[in-house]
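Comments concern the structure below.
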Amino acid sequence: MTDLVAHLNPPQAEAVLHDEGPLLVLAGAGSGKTRVLTHRIARLVAERGVPPWAILAITFTNKAAGEMRERIVGLIGPLGREVWASTFHSACVRILRREAEAAGLPRDFTIYDADDQARLMRQCLVDEDVDPKRFAPRAVLAQISDAKNRLLAPEDLASQAGSFTDDIVVRLYRRYADRLRAAGALDFDDLLMVTVRLLENDEATRHRYQSRFQHVMVDEYQDTNHAQYRLVRILAAPQNNVMAVGDDDQGIYSWRGADVRNILDFERDYPDARVVALEQNYRSTGTILAAANAVVALNTGRRPKKLWTDLGDGEPLTVAGFRDEHDEARAVASEIDRAAAEGVRMDQIAVFYRTNAQSRAIEDQLVRRRIPYAVVGGPRFYERAEVRDALAYLRAVANPGDVIAFTRAMGTPRRGIGPGAVQKLQAFADTHRMGIGEAPAQADMVDGLTAAQRRSLAAVATLFAELSQAARAGLPFDQLVRMAVDGSGLRAMLEADGTLEAQGRLENLDELVSVAAEYQATADQPSLQGFLDEVALQSDGDLVDQDTGAVTLMTVHNAKGLEFDVVMMTGMEDGTFPHSRSDTPEALEEERRLCYVGMTRARRRLGLTHAETRGFRGSREYRLPSRFLAEIPVTATRATSRGPARRATAATLGHRVASAPGRTQPGGRFDPGDNVVHATFGEGVVTGVESRGSLVRVRFANDGTERRLMAGAAPMRKVETA
DNA sequence: ATTCAACGCTTTTTT
DNA sequence: AGCGTTGAAT
């Protein structure tokens, strides 16, 4: 048995040696928190006699959970595999599958992802006769999600509601909940909420889990929402052996209900908590750290901290501007080639961006230069239409009540069963108290179907029966998937298509078959339900593979928890990053934290780029350099212009510094004759000034129109063009 | 009743 | 640019 604190610094050792009672670890970026977590667990098991299965360790991704488990195994052997390491959502599914009866759930409940939710909500809007234009399904769902994260049922929301809008949302929430129940489905938020309710209301179950979990540990605690917070409180009680690890500067998920107060108020919630701060960074150079610190330091309401490193200054950050996203991408590719020529491994290089759509321009260039790359996130494998189509057949069989899956399956391939026929089947299923998935077998009894539809449904019934029989007989999952793909006619449909796109879709279906085979081979107790659960709870982060020999492209959100020798942050423009929709002070601070997270992923080299114009939803928009660039101390940077981008650079940067930190120039600086550039209208010339300078008239070159703009508010600046 | 073609709007981030 | 809704053709 190795000495578990041998290579730890004093605060790390203090945390690892903490035995019982609440512990808060404030872990700055790159301060070795995973090490502390794994070592502490190893010590509790190996030296304090805590059974591994009595430890619940919550991580942010399934992949992180797996890695944590392996590291523990590395420290104390196979016993470490028994630790409950998982995400909140996976842990809840595990509990709910086991306690389905007590929770009032069907044993084979289905998990609905965002796409399923939206489809279901659409039906609810129809039910409630609400115009989907005025109430976008996703927007309504966001409000419902918000409520669920705060553990509010429709009734609770009703008591708070007042306005007309709120009333409609309450009605939709109620209807949506009913429909979920009818389908035997839970959405992501339900997984948490239902588990909390179960534990709060069912004393016996609560006691069982409370005594089972002697220690509860939560990583990324700053990103927990209220439901998760409550779950931790309940499970940790009464002995409160809870360890929260996090960093308030890295909270980037408030938009999905995360509440930084959870970490800021930890000591109030657990008054006898021990607090340990990890402030030595082992990852980045001093320059990178100083730059990142300077940016995040501008936020208010954060715990003061002083991250430091003894790794030396390293090289300065590079900041460069380009004409458009294509030039930017070319420069990124050049930077990658340069780094590779210096001996940096491709898989130690990452390109970050704020939004997934930005990956495209970069991918184009990397393909052209034959630079191997892997995109994390974006259109996820399991979100591809054909994959979802194939899975819909399996879901419809696993849970005959799942209308969404059933409807989807009926629609692809085309077999003459549209919304009308589905409705008739649903009505029939309702009156005969069966799931809609069981209705095709009785198609003869359903009123109002055409002969062709009955024939079509008979084939569906046969397929369902075969699939269900095969699943029960324990046919390997890859064969089950293949059966769905072939038997449904999906494969035939795509093969008949013959286009390159259909070719790709077929490949994805083959990929799904291998994923199923993989599941078959690795799962403890393979089951159809388990396979579908795993698919539903798969996260982008789970698919990050850092040993591929390829450059990694991803959003800054997905970069959390990772590190690379060389990081390029692209799209550093106001409106892109910070995102234009983050226009409140709070949202802006979150963007800044996001920027901090991105910067602190870099070990040795950090480059930041921006483009003057960017294609956006078909049209081209003008962009000013991000205010975050201006927040980086000049001493930490070296402005460069590399490769084909000659244009921007020093002059642009001069502008950027001059205009920072505001989004726009203060009013009263425009005079007739000034050349200006506006974020949406482009270049123009000031033709007049009104209201003592607060209103300017500008004629735009693009369309020749003249517009009157608020000098202080318009996203516009002067340019010194020749 | 289903399916196909044109129009209009927009999610930023994700378990 | 891409999706979903809408309106016309089958």
Side-chain angles (χ1 to χ4, degrees), chain A residues 58-65 86-93 111-115 117-119 122 125-126 131-134 136-139 141-142 145 148-149 186-192 220 223-225 227-228 251-258 352-358 360-361 376-380 382-383 385 410-424 448-450 452-453 456 533 535-543 554-560 571 575-583 587 590-591 593-595 597-598 615-620:
Chain A
I58 301 290
T59 55
F60 205 65
T61 63
N62 294 299
K63 178 143 191 286
S86 74
T87 63
F88 272 108
H89 294 268
S90 297
C92 287
V93 170
I111 301 166
Y112 272 11
D113 68 10
D115 184 80
Q117 290 181 52
R119 286 166 194 266
R122 235 156 268 232
L125 292 168
V126 175
D131 179 8
K133 290 242 170 69
R134 288 200 50 199
R138 305 266 184 194
L141 282 167
S145 172
K148 287 184 174 181
N149 286 157
L186 298 186
D187 65 19
F188 284 133
D189 304 313
D190 283 334
L191 296 175
L192 302 171
E220 306 286 3
D223 279 325
T224 51
N225 62 35
Q228 293 165 335
I252 53 175
Y253 284 104
S254 73
W255 48 272
R256 75 175 198 214
F352 299 161
Y353 34 78
R354 178 70 234 277
T355 64
N356 284 119
Q358 291 166 244
R360 202 152 178 171
V376 175
R380 282 186 247 177
Y382 291 116
E383 284 170 7
M410 290 307 96
T412 345
R414 303 271 169 223
R415 52 164 67 79
I417 310 296
V422 170
Q423 201 155 27
K424 282 164 194 154
L449 297 175
T450 66
Q453 288 176 325
S456 189
D533 282 352
V535 167
L537 297 175
Q538 178 89 242
S539 76
D540 287 333
D542 295 336
L543 302 170
M554 64 180 130
T555 63
V556 193
H557 279 91
N558 270 140
K560 184 159 95 159
T576 306
F577 195 7
H579 196 273
S580 54
R581 294 182 68 107
S582 299
D583 49 6
E590 180 147 318
E591 295 284 315
R593 290 193 293 271
L594 188 58
C595 184
V597 167
F616 184 70
R617 296 214 260 254
S619 63
R620 188 144 286 279

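Naming convention: chains lettered A, B, ... in sequence-line order (proteins, then strands); numbering from 1 in each chain. Excluded from the calculations below are hydrogen atoms, water molecules and symmetry mates; all remaining heavy atoms, backbone and side chain alike, are included.
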List for me each residue that meets salt bridge (charged side-chain N to carboxylate O under 4.0 Å, His left out) alongside A/R119, sequence neighbours excluded, and say none if there are none. A/D115
Can you list everything that forms a side-chain contact (heavy atoms from CB on, under 4.5 Å) with A/Q228? Sequence neighbours excluded, please. A/F88, A/H89, A/L192, A/T224, A/N225
Kindly write out the residues that satisfy side-chain contact (heavy atoms from CB on, under 4.5 Å) with A/R122, not counting sequence neighbours, or none if the list is empty. A/A118, A/P137
How far does the P atom of C/dG4 sit from the matching atom of B/dT13, given to the nearest Å? 16 Å
Taking salt bridge (charged side-chain N to carboxylate O under 4.0 Å, His left out) as the definition, give me every residue that meets it alongside A/D189, ordered by chain and number, with sequence neighbours left out. none
Distance check: side-chain N/O of A/Q228 vs OP1/OP2 of B/dT15, anything under 4.0 Å? no
Please work out if A/R360 contacts a base, only the sugar-phosphate, or nothing of the nucleic acid, heavy-atom cut-off 4.0 Å. sugar-phosphate
Applying ring pair (Phe, Tyr, Trp, His ring centres under 6.0 Å), name anything that partners A/F352, two or more places apart in sequence or on another chain. none
Going by ring pair (Phe, Tyr, Trp, His ring centres under 6.0 Å), name the residues that satisfy it together with A/Y253, two or more places apart in sequence or in a different chain. A/F60, A/W255, A/H557
May I have the distance from A/Y112 (atom OH) to B/dT15 (atom C1'), rounded to whole angstrom? 18 Å
Under the rule for salt bridge (charged side-chain N to carboxylate O under 4.0 Å, His left out), what residues qualify as partners of A/E590, not counting sequence neighbours? A/R593
Specify the separation, in whole Å, of atom CG of A/D223 and atom P of B/dT14. 13 Å
Any chance you could list the contact pattern along nucleotides 3-13 of chain B? Use B for base contacts, S for sugar-phosphate-only contacts and - for none, protein heavy atoms under 4.0 Å, 5' to 3'. S------BBBB
I'd like the 5' and 3' limits of the part of DNA chain C contacted by chain A, with heavy-atom contacts below 4.0 Å. C/dA1 to C/dT5
Here the distance between atom C1' of B/dT15 and atom CD of A/E220, to the nearest Å, is 13 Å
d(CG, A/D187; P, B/dT14) in whole Å: 18 Å
Between the side chains of A/T355 and A/Q358, is a donor N or O closer than 3.5 angstrom to an acceptor N or O? yes
If I take atom CD in residue A/Q117 and atom P in nucleotide B/dT14, what distance separates them, rounded to the nearest angstrom? 15 Å
Whole angstrom is fine here: how far is it from NE2 in A/H89 over to C1' in B/dT14? 9 Å
For A/S90 and A/N62, which I'm curious about, is there any donor-acceptor pair between the side chains at under 3.5 Å? yes
